[in-house]
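Let me begin by presenting the structure, written as structure tokens, before commenting on it.
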Amino acid sequence: MTPATAAAQRIVIENCAVATVDAHDTEHVTGHVVVSGNRIESVGAGPAPTGLEGVVRRVDGTGHLLTPGLVNTHHHFYQWITRGLATDHNLFDWLVALYPTWARIDERMTHAAAQGSLAMMARGGVTTAMDHHYVFPRGTGDLSGSIIRAASDMGVRFTLARGSMDRGESDGGLPPDFAVETLDGALAATEETIGKHHDDSFDAMTQIAVAPCSPFSVTTELLRQGAELARRKGVRLHTHGSETVEEEQFCKELFGMGPTDYFESTGWLGADVWMAHCVHMDDSDIAAFARTRTGVAHCPSSNARLAAGIARVPDMLAAGVPVGLGVDGTASNESGELHTELRNALLINRLGAHREAALNTRQALRLATYGGARVLGRAEQIGSLEAGKLADLVLWRMDTLAHASIADPVAALVLGAAAPVTLSLVNGRPVVEDGRLVTADEDAIARATREQARRLARIAGLTG
């Protein structure tokens, strides 16, 4: 099939409620979207235009809500095979408990874990995923390649944040020494990954970010040289920031300043940077992020699971900070899907200072779509239903027992149970149909992840 032929083929979705999440939050009680090739050709109220040529599929969306695909901005896929461990720990204790196990992962494990993570997210409406992978034990194969291969096979748009750690226990860090890389080794491997896999085209399916793990697991020099590498190569930067009180204390003791000031001193604030969590931010921190347009991946379920606290998302949004949602690793968010984060972002933030005025349902949907696209640097291509953007969209069924009595479909999606996905398109191609993956065998993935989880447990000495 030639590109010209593909571009002429159209998919028409009509008779559904439409939430575009455009700049005006345009919604249609009954509307349509026309997809041509991998682009959205038109969006509007009522039925699709008549006389369209090259229509290969028409979808009657009666009883459904159409939205942009969900965008996940923070995850650790490998943790899929260590779910349910250290369930009553704070962040630092949790890391100390799990690093010795994680340090024994290999290529077979990361591939299976990536398949499980991606499958769960895609089934639940995620069309753009990301993985922050930072554990690279020596001699364990091509871990980055195995993750990228899983995303490519699944048909999901993907950003690999190639992580790294070079501060082991002997240098005052948390990970064991055998689980970290050298400074030069981490930088060289990251640059090689960018060269092999990063695509900067408009419709790129795979992109790479430079992503040293966190202030307490990397050296200052890795942060500085990592930022220089990213900007030399024209890719984005990602790390963990201000996740816990303990991290703030660590930075003050080791560097003589809080996390935000430390990051700024190493070149890690800017419009090409996004950080996960950002729970413990004061007014000056938020102002610095707003001034530099540094993005935030908000992970409410993981923050609660690890008792990290409530991020000041309403204040960040009011200041103009770009904010998206993240699943985070499934060793601290065992559900592994993003719908939970829409609901929990709204509910948990209402427990904070702003109470019922903290977030509303439209803001939660925006965080999960356009907000995520903005954080990943892809707001021009994805994140809203607008003509000319890439055809990443989800048709949610809203006429079942779980949602049929809720008049507002956006409120039903955000506050209700996880809605079934009737159709998910990524780049104009179906990834989910009637609640099942069409690009992968879910049962085979479940078997593979179970096998690799047991294998890792044996190797790590967690079982007899």
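Nothing here was measured: the structure is a model prediction, and the numbers come from that model. The figures that follow rest on heavy atoms only: side chains count, while hydrogens, waters and symmetry mates do not. Positions are given from 1, in the same order as the sequence printed here.
- Considering only heavy atoms from C-beta on, Y78 stays 4.5 Å or farther from D131 through its side chain.
- With a 4.5 Å cut-off on side-chain heavy atoms, P137 and D106 do not count as touching.
- Within a 6.0 Å sphere centred on CD of E433, other residues, nucleotides and ligands contribute more than 12 heavy atoms.
- Inter-residue side-chain proximity for E337 and R123 is flagged as unmet; no heavy-atom pair is nearer than 4.5 Å.
- Results of the side chain to side chain contact (heavy atoms under 4.5 Å, CB included) test with T67 over L413, V21, V410, L393 single out L413 as the only residue that passes.
- Without hydrogens or angle criteria, R157 side chain to Q207 main chain gives no donor-acceptor distance under 3.5 Å.
- In this structure the side chain of E246 never reaches within 4.5 angstrom of the side chain of F216, judged on heavy atoms.
- If you check the side chains of T110 and S146, you find a donor sitting under 3.5 Å from an acceptor.
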Give the intermediate values and the outcome of side-chain contact (heavy atoms from CB on, under 4.5 Å) for residues S214 and E247.
-> CA-CA 9 Å; S214 63; E247 178 190 330; 6.0 Å; no
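- Counting only distance, with no hydrogens or angles, the side chain of R293 and the backbone of G270 share no donor-acceptor pair below 3.5 Å.
- Taking each heavy atom of A345 and L367 in turn, the nearest pair found is CB-CD1, 4.5 Å.
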Residues D285, R312; criterion salt bridge (Lys or Arg N to Asp or Glu O under 4.0 Å); working and verdict | CA-CA 11 Å; D285 296 325; R312 296 174 59 189; over 6 Å; no
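- Using a cutoff of 4.0 Å between basic side-chain nitrogens and carboxylate oxygens, R447 and E451 are not scored as salt-bridged.
- Note that the CG atom of L223 and the OH atom of Y262 stand 4.5 Å from one another [nearest 0.5 Å].
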For T369 and L70, what are the C-alpha separation, side-chain angles and deciding distance, and is it a side-chain contact (heavy atoms from CB on, under 4.5 Å)?
-> CA-CA 5 Å; T369 53; L70 305 185; 3.9 Å; yes
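- In this structure, the side chains of V313 and L317 come closer than 4.5 Å at one or more pairs of heavy atoms.
- Taken to the nearest 0.5 Å, the NE2 atom of H240 stands 5.0 Å off from the SG atom of C213.
- The two residues T87 and R305 come nearest to each other via the heavy atoms CA-NH1, 3.4 Å.
- When atom types are taken as modelled, the side chain of R350 and the backbone of L359 share a donor-acceptor pair closer than 3.5 angstrom.
- Side-chain contact between P259 and E248 is present, with heavy atoms from C-beta onward closer than 4.5 Å.
- Side-chain atoms of N360 come within 3.5 Å of backbone N or O of R362 as a donor-acceptor pair.
- In this structure a side-chain-to-backbone donor-acceptor pair under 3.5 Å is present from H133 to V135.
- A salt bridge is absent between K389 and D22; no separation between the charged side-chain nitrogens and carboxylate oxygens falls under 4.0 Å.
- More than 12 heavy atoms of other shown residues, nucleotides or ligands fall within 6.0 angstrom of atom CZ in R39.
- No donor-acceptor pair under 3.5 Å is formed between the side chain of H89 and the backbone N or O of L95.
- If you check the side chains of S301 and E341, you find a donor sitting under 3.5 Å from an acceptor.
- Checked options H76, H75, H238; the residue passing with Y134 is H76 (criterion: ring pair (Phe, Tyr, Trp, His ring centres under 6.0 Å)).
- Side chains of T449 and I445 form a contact here, defined as non-hydrogen atoms less than 4.5 Å apart.
- Side-chain atoms of N72 come within 3.5 Å of backbone N or O of V327 as a donor-acceptor pair.
- Here the shortest heavy-atom pairing between T260 and M281 reads OG1-SD, 4.0 Å.
- Residues L423 and V394 fail the side-chain proximity criterion, which asks for heavy atoms closer than 4.5 Å.
- The structure places CG of L237 at 10.5 Å from CG of L269, a figure rounded to the nearest 0.5 Å.
- Side-chain atoms of W268 never come within 3.5 Å of backbone atoms of M275 as a donor-acceptor pair (strictly under, hydrogens ignored).
- With values rounded to the nearest 0.5 angstrom, E264 atom CD is found 7.0 Å from D261 atom CG.
- Here the shortest heavy-atom pairing between H403 and A419 reads CE1-CA, 3.5 Å.
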Are T439 and V156 close enough, and set up right, to give a side-chain contact (heavy atoms from CB on, under 4.5 Å), and what steps lead you there?
-> CA-CA 10 Å; T439 54; V156 173; over 6 Å; no
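- Contact record, L338 with V71: CD2-O, 3.5 Å, taken as the closest heavy-atom pair.
- Taking a cutoff of 4.0 Å between a charged side-chain nitrogen and a carboxylate oxygen, E442 and R436 qualify as a salt bridge.
- Going from atom NE2 of H64 over to atom SG of C16 covers 8.5 Å, rounded to the nearest 0.5 Å.
- When only modelled atom types and interatomic distance are considered, H354 and N349 share no side-chain donor-acceptor pair under 3.5 Å.
- Here the side chain of R343 pairs no donor or acceptor atom with the backbone of H339 at under 3.5 angstrom.
- Between D25 and R366, at least one side-chain N (NZ, or NE/NH1/NH2) sits under 4.0 Å from a carboxylate O, which counts as a salt bridge.
- Checked by atom type and distance alone, the side chain of T20 pairs as donor or acceptor with a backbone atom of T26 at under 3.5 Å.
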Given side-chain contact (heavy atoms from CB on, under 4.5 Å), test S144 with L160 step by step and report yes or no.
-> CA-CA 8 Å; S144 294; L160 175 68; 3.7 Å; yes
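- Here R378 does not pair with D392 in a salt bridge; the nearest charged N to carboxylate O distance is not below 4.0 Å.
- The NE2 atom of H197 lies 6.5 Å from the CD1 atom of I208; values are rounded to the nearest 0.5 Å.
- When all heavy atoms of V375 and R236 are compared, the closest pair comes out as O-NH2, 3.0 Å.
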